[in-house]
Amino acid sequence: MPLQALLWDVDGTLAETERDGHRLAFNRAFVDLGVPLHWDEDSYGALLAISGGRERITAALEAAQGAPADPGLVAELQARKQRHYAALVAAGELRLRSGVAELIAEANGAGLVQAIVTTSGRPAVTALANHLLAELAGCFRLWVCGEDVARKKPDPEAYLGALQQLGLPAEAALALEDSGNGLEAADRAGVACLLTPSHYGNAESPERLWPARAVVSQLGTGAVVLRGPACQGPRITLSYLQDLLEASLP
């Protein structure tokens, strides 16, 4: 089946947002409210096993105080974190990963459907789209965000919902992800996946990333195929993605 749609994850895939964006925003929200939490790179990486900002805050508070977290405090911390994240993006602290803009533009020019499929909140996605994607934001027909699902990645609900809304079979789409949680969500939805590991994705065990059709260092010029079919050019192109869709799982 020809490739008809690209389904893009956001955090870690479009930009290195987890380490350099969300983590810093959470820490600033904790300072705002005098909450005695601080997430360094390693501790935040461990928390990424929990999908969703509210869920991470809740888990950290309950671990620290040995009691259920106050829902009002969780909501206020999440709201402040979203504002800090938007400010970081607006200040130019984040950049798209190599090759992302080129592949989005190439897919748009070829008439492919593109959608964002993320469990990040819509305010965070909006901030990134407004400041990093700019005119490319119009290339996406659909956004499925954290507020749109009952179960976040690695549950396949976000991908299944996107396919249903787009009216496409899983076999016609390819997902772009950066981590094991996202890969598992795509795989469970029957969607082939290209993995471009983020800072935290690189720390995961190779076995967790095995279901990906290919694992590449980046999408742009200088891309190295870490596992999967060889790429004939200097960057990841639609031709390579079509080959992945047709390839058998390893």
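The two atoms that bring Ala214 and Leu194 nearest to each other are O-CD1, 3.5 Å, heavy atoms only. Here the closest heavy-atom approach between residue Gln114 and residue Ile104 is recorded as NE2-O, 3.0 Å. Pairing each heavy atom of Ala173 with each of Leu163, the nearest pair is CB-CD2, 4.1 Å. Closest heavy-atom contact between Cys231 and Ile236: SG-CD1, 4.1 Å. Closest approach of Arg213 and Ala247 over heavy atoms only: NH1-O, 2.8 Å. For the residue pair Val89 and Ala127, the shortest heavy atom distance occurs at CG1-O, 3.5 Å.
Side chains of Leu33 and Glu76 form a contact here, defined as non-hydrogen atoms less than 4.5 Å apart. Between Val117 and Asp9 the shortest side-chain heavy-atom distance does not fall below 4.5 Å. In this structure the side chain of Ser198 never reaches within 4.5 angstrom of the side chain of Glu18, judged on heavy atoms. Annotation: side chain of Thr118 is not in contact with side chain of Val144 (no heavy-atom distance under 4.5 Å). For the pair Arg83/Pro123, no side-chain contact is recorded, criterion being any heavy-atom separation below 4.5 Å from C-beta on. Asn181 places none of its side-chain heavy atoms less than 4.5 Å from the side chain of Leu48. Within the 4.5 Å cutoff, side-chain heavy atoms of Val149 are placed close to those of Glu157. At a threshold of 4.5 Å between non-hydrogen side-chain atoms, the residues Glu204 and Ser179 count as touching.
Distance check, rounded to the nearest 0.5 Å: OG of Ser217 to CG of Leu195 gives 11.5 Å. Taking CG of Leu238 as the reference point, atom CG of Leu103 lies at 5.5 Å (rounded to 0.5 Å). To the nearest 0.5 Å, atom CG of residue Leu14 and atom CG of residue Leu94 are 11.5 Å apart. Separation of atoms CG (Leu77) and CZ (Arg56) is listed at 14.0 Å; rounding is to 0.5 Å. To the nearest 0.5 Å, the span separating SG on Cys193 from CG on Asp187 amounts to 8.5 Å. The distance from atom CD of Glu177 to atom NZ of Lys153, rounded to the nearest 0.5 Å, is 3.5 Å.
In terms of hydrophobic clustering, with Ile, Leu, Val, Met, Phe, Trp and Tyr side chains grouped at heavy-atom distances under 4.5 Å, Val215 and Val224 are assigned to a common cluster. Both Leu244 and Trp8 belong to a common hydrophobic cluster when Ile, Leu, Val, Met, Phe, Trp and Tyr are linked at side-chain heavy-atom distances under 4.5 angstrom. Under the 4.5 Å side-chain heavy-atom criterion for grouping Ile, Leu, Val, Met, Phe, Trp and Tyr, Leu128 is connected to Phe140 within one hydrophobic cluster. Met1 and Tyr159 fall into different hydrophobic clusters, where Ile, Leu, Val, Met, Phe, Trp and Tyr side chains are chained together by heavy-atom contacts under 4.5 Å. In the hydrophobic clustering of ILVMFWY residues, with side-chain heavy atoms under 4.5 Å counting as a link, Leu176 and Leu3 come out together.
A donor and an acceptor atom, one from each side chain of Asp11 and Thr17, are located under 3.5 Å apart. Asp32 and His84 form a side-chain donor-acceptor contact under 3.5 Å, judged by distance and modelled atom types alone.
More than 12 non-hydrogen atoms from other residues, nucleotides or ligands lie less than 6.0 angstrom from CD of Glu147. Residue Arg208 places its CZ atom among more than 12 non-hydrogen atoms of other residues, nucleotides or ligands, all under 6.0 Å distant.
Remark: Trp143 pairs with no residue by the side-chain hydrogen bond (donor to acceptor under 3.5 Å, both in side chains) rule, at least two apart or across chains. Listed by chain and number, the residues in a ring-ring contact (aromatic ring centres under 6.0 Å, His included) with Tyr240 amount to none (sequence neighbours excluded).
For Phe30 and His38, the distance between ring centers is not under 6.0 angstrom.
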**Message:** Evaluate Glu55 against Lys152 for salt bridge (Lys or Arg N to Asp or Glu O under 4.0 Å), listing each step before the verdict.
**Reply:** CA-CA 10 Å; Glu55 292 83 353; Lys152 298 182 178 180; 3.3 Å; yes

**Prompt:** Taking it one step at a time, do Thr13 and Val100 satisfy side chain to side chain contact (heavy atoms under 4.5 Å, CB included)?
**Reply:** CA-CA 8 Å; Thr13 301; Val100 166; 6.0 Å; no

**Request:** Check the pair Asp40 / Arg23 against salt bridge (Lys or Arg N to Asp or Glu O under 4.0 Å), numbers first and verdict last.
**Result:** CA-CA 8 Å; Asp40 60 21; Arg23 181 181 68 86; over 6 Å; no

**Message:** Let's go through Leu6 and Val113 carefully: what are the C-alpha distance in whole Å and the side-chain angles of both, what is the deciding distance for side chain to side chain contact (heavy atoms under 4.5 Å, CB included) to 0.1 Å, and is it a yes or a no?
**Reply:** CA-CA 6 Å; Leu6 295 185; Val113 173; over 6 Å; no

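Sorted by first and then second residue, the pairs that involve residues 97-122 and meet salt bridge (charged side-chain N to carboxylate O under 4.0 Å, His left out), not counting sequence neighbours, are Glu106-Arg235, Arg122-Asp148.
The residue from Tyr85, Tyr44, Tyr200 that alone fulfils the ring-ring contact (aromatic ring centres under 6.0 Å, His included) condition with His22 is Tyr85.
Note that Arg227 lies in the cation-pi zone of Trp210, set by a 6.0 Å cut-off to the ring centre and a 45° limit from the axis.
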